[in-house]
Q: 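Right, I'll just put the structure down here and ask away after.
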Amino acid sequence: MATRKKAGTGRKKPAKKRPAKRPLAKNPQPKKKKPRKPAAKIELRPRPRRSLARRKTGGLRAMPHLTPNRIGNPYETNLDRNPANHQPLTPITFLERAARAFPEHTAIIHGKAKTSYAEFYARSRRLASALGAAGIRKGDTVAVMLANTPPMLEAHYGVPMIGAVLNALNTRLDAAAIAFMLEHGGAKALITDREFSATVQEALKLLKRKLVVIDYDDPEFPQSGERLGSLDYEAFLAAGDPEFPWAPPADEWDAIALNYTSGTTGNPKGVVYHHRGAALMCYANTLAANMGPHAVYLWTLPMFHCNGWCFPWSLSAIAGTHVCLRWVRARPMYDAIADHKVTHLSGAPTVMSVLINAAPDERREFSHKVDFVHAAAPPPEATILGMMEAGFAVTHVYGLTETYGPATVNEWHAAWDALDRAGRGAKRVRQGVRYHALEGLAVMDPRTMEPVPADGLTIGEVMFRGNIVMKGYLKNPAATAQAFAGGWFHSGDLGVMHEDGYIQLKDRSKDIIISGGENISSIEVENALMKHPAVMFAAVVAKPDEKWGESPCAFVEKRPGYDHISSADLIAHCRAHLARFKCPSRVVFVELPKTSTGKVQKFKLRDLAKDVA
C-alpha cells in the first residue's frame, strides 16, 4: 500500500525569475511605430436611391465606389497586341488578295493589251525585286515621270513593297521644277516615259548628283523621245523575281508616297503620305464613289495628282479593272466607256466639258450608268444637266494634296431632286460632309480656333483632322507646325458651315478681293458668270484699283458659237445676279491657263490683271 508523503517534506518548486528592470533613460521617448502604407484612395459616391444602405437611425450612408484604378481594367489586362491580332494597315495587301481571289480577272487594259491580276501582282513583285537589286532600300525615294500607263500602276505597289517611297512627278512641269523635286525628295532612281525625255534631260543636267534612270517605251503608243538611261523598263523587270518575298511595313505610319504641291508662290512643298492613310482612303473611295465589286475605272484623272486620289490602290480592294488613258481626248474616252463598259471616272469639270462638248463623230452611245466623281469648283447647272442627259451620275468631292485627295463629299439627298433649278443648284455648289476616313471637318476662326456659327453666312477657314491628313511637309518643320496649329490641318480655304452640317467654299484666303473695305468672294462672282450660256470657264481675281484698292477682274473662256457676246453683256448679266460692288469692273476673253488637273492658275491671271486698263 502506498504511503503518502507528509506535508512539507517534498522539494520546493523554484521561484519564477522576473526579468531585471532596465534602467530608465534620462529622457524617455515613446516607442516609434512603423508608418502604415497609405490606404488606396476610395472615392465615395452616393449609390442610386433604391440601393442605399441605411443605418438603424434611418440616416443615409454612402457606399464606396471602386474605380478602375482600384480594381484594374480587365479589358487592358493580358490582352496585348501581337502579330496574330494586330498588323499595320497598308494598301499593298489589296493587290495580293485580288491576285489570290481573282487571278484571271482583268486588272489593267492599256490599248489592246490586257493584264490579269496574277500578272499585275507578279510584275509588281518583279519591280520590287529589281529595285532592291539596284540598291534601293527602305526610306529611299523612287521618282516616276509617267503617263497613265501600266508602269505607273506597278510602281504604286512595287516601290512600297521594299519600303521605298513613291514620288509621282507632274508631267506638265518644267525642267527646273522637276529638278527641284528630284533634289529635294532625294530620289535614288527615276522611271521615265520617253514622251517626257526633253524635260527630264534638262532636269537631270540641273541635278548635283547621279541617279539610276530607267526608260519606259510604251509598246501600245510608242514615243520617239531620247533614251536617257542605260536601263529599259521591261528588261529591268525581267531581271526581277516574280515570287519576291516582299514584306508589309513594320509600322503603318511609315511613308508610302511623296507628292508636291503646285508651288504657285515659291518652291513647292513635299507632302508625305503614310500607309495607314492610303489604306483607309481605299475604303472611303469605294463608298464615296459607289463602287461595287469589279468596277471598271477609266483613268481621266492624272495618277501623279495625289496618287490618283489613291484609286491605284482602291481598285485592287474590289478587284476592279483599270482602263489606262494616255491622253484625255473625247473619242478615246467614249470608246473606252462603250467598249469596256466603264463604270467610273474622275477629274475636274474640264473633263466634263470635253465629254459634253464632243463633236458628234467623237461620241459613242452607251446604255449603262457611269459615275463621274469631280473635284475643283462645282460646274454650272447646265453642265450637270448635260452630263446627266449623256448618261453620267455626278458626285462632287473636295480635298487637297495634304488630305490624299478628296476629304469631303456632297452626299446627295433624293428629296433635293424635287427642288427647282435654283434650289438644286444651291445644293450642288456645296462641298458637303466629311469623308468616311476623316474624323473631323470644321469651319473655324483661325485666330480663336472656335467654330463659326452654322448659319451659311459666317466665313471661316476650313480645317481637317483625321487619318487621311498628311504626315507633314518633307524637310519643312516650320510649314508643318503652321499647317497643324491648334491640332487641326489648316486648308487655307475659306468657307461657311450650313445648318445641316454641309460646308461650302467661298474662296481661298489669298483669293478674297477686298474692295473699298468689303470682302468679295471670287467664287461667288465666278458662279454668277457661269450661269450665262456663253461662258465655258470663268476666273475672277483682284485688279488694282486707285479708288477702291482692288476690284474684281473676270477672265472668261467662251463657248463656241457665242462670239457676239461682249464684256458689257456679261457685266450686265452679273448686275442682275449680284450686288453692284461685287460685279467685275473688267471682263477679258482669253483661254484660261490651267494645271494638268484642270485647276485655273490664278497667279498668272493676277499678273495679267495688273496690265488690264
Side-chain angles (χ1 to χ4, degrees), residues 131 134 136-149 151-152 155-156 158-160 163-216 225 228-229 233 254-274 278 301-310 312 400-405 470-480 483 594-597 599 601 603-604:
L131 287 170
I136 303 302
R137 299 290 181 264
K138 179 181 177 180
D140 288 343
T141 303
V142 176
V144 295
M145 185 81 162
L146 297 167
N148 286 354
T149 52
M152 179 67 107
H156 274 79
V159 171
V165 180
L166 177 64
N167 176 206
L169 299 168
N170 186 332
T171 59
R172 296 190 177 184
L173 294 177
D174 59 22
I178 296 296
F180 169 81
M181 293 173 185
L182 292 173
E183 187 66 43
H184 182 265
K188 297 287 183 67
L190 170 65
I191 304 172
T192 179
D193 192 301
R194 289 179 65 183
E195 180 184 353
F196 314 116
S197 292
T199 301
V200 173
Q201 187 175 46
E202 289 300 314
L204 293 175
K205 291 178 181 178
L206 297 173
L207 275 183
K208 302 172 184 176
R209 55 188 175 80
K210 299 291 184 181
L211 66 162
V212 177
V213 178
I214 304 161
D215 292 295
Y216 171 62
L228 304 178
Y233 182 76
D254 287 351
I256 189 172
L258 170 66
N259 293 284
Y260 282 89
T261 59
S262 57
T264 56
T265 55
N267 287 324
K269 295 189 287 287
V271 176
V272 181
Y273 293 172
H274 49 71
L301 174 73
M303 288 190 219
F304 63 69
H305 180 54
C306 307
N307 295 107
W309 299 354
C310 296
L400 302 95
T401 304
E402 290 88 342
T403 60
Y404 295 66
M470 64 171 180
K471 289 185 71 169
Y473 296 116
L474 183 68
K475 304 175 185 176
N476 198 338
T480 300
K594 304 181 189 72
T595 67
S596 56
T597 58
K599 294 182 180 179
Q601 296 174 309
F603 69 99
K604 293 184 178 180

Q: Residues two or more places apart in sequence or in another chain: which of them pass ring-ring contact (aromatic ring centres under 6.0 Å, His included) with His274?
A: Trp253, Tyr404
Q: Taking Ala164's backbone N and O only, do any of them form a donor-acceptor pair with Asp140's side chain (distance below 3.5 Å, no angle check)?
A: no
Q: For residues Leu211 and Leu190, report the shortest heavy-atom separation together with the two atoms involved.
A: CD1-CB, 3.8 Å
Q: Is there side-chain contact between Asp193 and Tyr233, with at least one heavy-atom pair below 4.5 Å?
A: no
Q: In chain order, what residues pass the salt bridge (Lys or Arg N to Asp or Glu O under 4.0 Å) check against Lys210, with sequence neighbours excluded?
A: none
Q: What I'd like to find out is whether the side chain of Pro268 reaches to under 4.5 Å of the side chain of Met181, using heavy atoms alone.
A: yes
Q: Is the backbone of Leu258 close enough, under 3.5 Å, to the side chain of Asn167 for a donor and an acceptor to pair up by distance?
A: yes
Q: Once you round to the nearest 0.5 Å, how far does OG1 of Thr192 lie from CD1 of Ile214?
A: 10.5 Å
Q: Any non-hydrogen side-chain atom of Leu301 less than 4.5 Å from a side-chain atom of Asn148?
A: no
Q: Sub-3.5 Å donor-acceptor pair from the side chain of Asn170 to the main-chain atoms of Phe304, do we have one?
A: no
Q: Any donor and acceptor pair, going by atom type alone, linking the side chain of Thr141 with main-chain N or O of Gly185 inside 3.5 Å?
A: yes
Q: Which heavy atom of Lys471 sits nearest a heavy atom of Ala255, and at what distance?
A: NZ-N, 4.0 Å
Q: State, to 0.1 Å, how close Gly225 and Arg194 come at their nearest heavy-atom pair, and which atoms those are.
A: O-NE, 2.6 Å
Q: For a quick test of reading the model, state the closest non-hydrogen atom pair linking Ala187 to Arg209 and the distance between them.
A: O-NH1, 2.6 Å
Q: Contact between Glu195 and Thr171 at the side-chain level, heavy atoms closer than 4.5 Å - yes or no?
A: no
Q: Which value, rounded to the nearest 0.5 Å, describes the distance between Phe180 atom CZ and Leu207 atom CG?
A: 12.0 Å
Q: Is there a side-chain contact (heavy atoms from CB on, under 4.5 Å) between Val212 and Ile136? Walk through the geometry before answering.
A: CA-CA 10 Å; Val212 177; Ile136 303 302; 5.7 Å; no
Q: Taking side chain to side chain donor-acceptor pair (under 3.5 Å) as the test, write out the residues that go with Glu402, two or more places apart.
A: Tyr473
Q: Using a 3.5 Å distance criterion without hydrogens, assess whether the side chain of Asn307 forms a donor-acceptor pair with backbone atoms of Cys310.
A: no
Q: Any chance you could measure Tyr216, atom OH, to Thr149, atom OG1, to the nearest 0.5 Å?
A: 5.0 Å
Q: Which atoms form the tightest heavy-atom contact between Met152 and Ala168, and what is the distance?
A: CE-CB, 4.1 Å
Q: If you round to the nearest 0.5 Å, how far is CG of Leu474 from CG of Asn259?
A: 11.5 Å
Q: Look up atom CE in Met145 and atom OG1 in Thr199, then write down how far apart they are to the nearest 0.5 Å.
A: 5.5 Å
Q: Restricting to non-hydrogen atoms, name the atom on Leu182 and the atom on Ala143 that form the minimum distance, rounded to 0.1 Å.
A: CD2-CB, 3.6 Å
Q: Between Val144 and Met303, is there a side-chain heavy-atom distance shorter than 4.5 Å?
A: no
Q: At what distance, to the nearest 0.5 angstrom, does OG1 of Thr261 lie from CE of Met470?
A: 9.5 Å
